[in-house]
Number of protein chains: 2
Amino acid sequence: MNSSILTIGHLAKQTSTKVETIRFYEKNGLLPEPSRTEGNYRAYEPDHLNRLSFIRRARDLGFSLDQIRALLALSDNRGQSCAAVDAIASEHRAEVEKKITDLMALKAELDRMIDQCECGIVADCRIIETLSPK
Amino acid sequence: MNSSILTIGHLAKQTSTKVETIRFYEKNGLLPEPSRTEGNYRAYEPDHLNRLSFIRRARDLGFSLDQIRALLALSDNRGQSCAAVDAIASEHRAEVEKKITDLMALKAELDRMIDQCECGIVADCRIIETLSPK
DNA sequence: GCATGACCCTGTAGCAAATACAGGGGCACT
DNA sequence: AGTGCCCCTGTATTTGCTACAGGGTCATGC
């Protein structure tokens, strides 16, 4: 038996991923199907671990599964220009920037609303009033 | 016929909501079931319009449907203390603040990653390298 | 007087990105 | 042989909608 073969549980532990999530990635084409043991257990090789680590890092950075699929495909073609990689990362950064802007505007509105609350009764509540029409 | 009675389409237009979304709010207990016409059409009254406007404003401010359900219940009991309202709004603001902080850290990481890309070939790509394990 | 099209109805399925069972089988240790 | 942990498949749940499919109703035109 090869000692570098991993069960799904080992892979999960080493990447801080839930077992179900790993199966989910497989079903969705992010992680290739591993071979199976006689007992029908998934038998992972070091490459799987690398690929899953890649996926998890990209997820931590907020990339969508679609974007990660594309990044993985690009990283498998190491001779290509990495302009496409840059495009995906920059697009994602732009989305993050937009979210930040939107959330900051939102927070400003919440601040305004909450600061007016004098915590009396609901009938006089400025928060409810702000939300209510007219 | 009362001219203040509205069809679901009118309600949708006046609140910039999709018809399906209004039915969804009803099914999920945010909007009370209106009476029906002979033809089984929903017949809304001005109160429904007010309530739906409230929901949409709260959604625009990022409140969850659960939070909105709670806010609506509070706004229906106008004699109560509005401390509970303040608590919901403050909790939401804290969540928004956390999201902003998290996204700004994320953006900083993306900035670092993208700035290193010299757009050569994938094999030398710093973005792929950053994502790859070890 | 009916045809056309715009509107409405219910019910179901889909999206992201997992997470959580249910109901069963495998494996190691004692 | 029993205990307990791990693994398997398949389905349902989450959030907040959106998008049909397959029908019924209503207003307007001719």
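Computed over heavy atoms, backbone and side chain alike; hydrogens, waters and symmetry mates excluded. Here is the naming used below: chain letters follow the sequence lines, and residue numbers restart at 1 for every chain.
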>> Tell me the interatomic distance from A:I5, atom CD1, to C:dC27, atom C1', rounded to whole angstroms.
In response: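 That distance rounds to 18 Å.
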
>> From CZ of B:R42 over to P of C:dC7, roughly how many Å is that when rounded to an integer?
In response: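 For the pair B:R42 CZ and C:dC7 P, the rounded distance is 17 Å.
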
>> Could you work out, with side-chain contact (heavy atoms from CB on, under 4.5 Å) as the rule, every residue matching A:A43, not counting sequence neighbours?
In response: A:I5, A:S35, A:T37

Distance-only criterion, 3.5 Å: show the donor-acceptor pairs between side-chain atoms of residues 81-92 of chain B and protein atoms not counting sequence neighbours.
{"residue": "B:S81", "atom": "OG", "partner": "B:A83", "partner atom": "N", "Å": "3.0"}
{"residue": "B:S90", "atom": "OG", "partner": "B:D86", "partner atom": "O", "Å": "2.8"}
{"residue": "B:E91", "atom": "OE1", "partner": "B:Q67", "partner atom": "NE2", "Å": "3.4"}
{"residue": "B:H92", "atom": "NE2", "partner": "B:L61", "partner atom": "O", "Å": "2.6"}
{"residue": "B:H92", "atom": "NE2", "partner": "B:G62", "partner atom": "O", "Å": "3.4"}

Please tabulate, for side-chain N and O atoms in residues 114-122 of chain A, each donor-acceptor pair with protein atoms closer than 3.5 Å (sequence neighbours left out).
none

> Tell me, which of residues 17-32 of chain A have any heavy atom that sits under 4.0 Å from an atom in DNA chain C?
Replying inline: A:K18, A:E20, A:T21, A:F24, A:Y25

> For residues 25-34 of chain B, which residue pairs qualify under side-chain hydrogen bond (donor to acceptor under 3.5 Å, both in side chains), counting only residues two or more places apart or in two chains?
Replying inline: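 The answer is B:Y25-B:R56, B:E26-B:R42.
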
Listed pairs, N/O of protein and of nucleotides 22-26 of chain D, under 3.5 Å:
{"residue": "D:dG24", "atom": "N2", "partner": "B:Y41", "partner atom": "OH", "Å": "2.9"}
{"residue": "D:dT25", "atom": "O2", "partner": "B:Y41", "partner atom": "OH", "Å": "3.3"}

> Residues in salt bridge (Lys or Arg N to Asp or Glu O under 4.0 Å) with B:D60, at least two apart?
Replying inline: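 B:D60: no salt bridge (Lys or Arg N to Asp or Glu O under 4.0 Å) contacts found.
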
> A:D124: what forms a salt bridge (Lys or Arg N to Asp or Glu O under 4.0 Å) with it, not counting sequence neighbours?
Replying inline: none

Under-3.5 Å N/O pairs linking protein and nucleotides 22-24 of chain C:
none

> Mind checking whether A:Q80 and A:N77 have side chains closer than 4.5 Å, heavy atoms only?
Replying inline: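 Counting from C-beta outward, A:Q80 and A:N77 do come under 4.5 Å.
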
>> Please list all pairs meeting salt bridge (charged side-chain N to carboxylate O under 4.0 Å, His left out) that have one or both residues in residues 71-80 of chain A, counting only residues at least two apart or in different chains.
In response: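 Those involving residues 71-80 of chain A are A:R51-A:D76.
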
> Tell me the salt bridge (charged side-chain N to carboxylate O under 4.0 Å, His left out) pairs involving residues 97-107 of chain B, sequence neighbours left out?
Replying inline: A:E97-B:K107, A:K107-B:E97, B:K98-B:D102, B:K107-B:D111

> Over its full length, what angle do the end axes of the helix from C:dG1-D:dC30 to C:dT30-D:dA1 make, each axis taken from five pairs and the result rounded to 10 degrees?
Replying inline: 30°

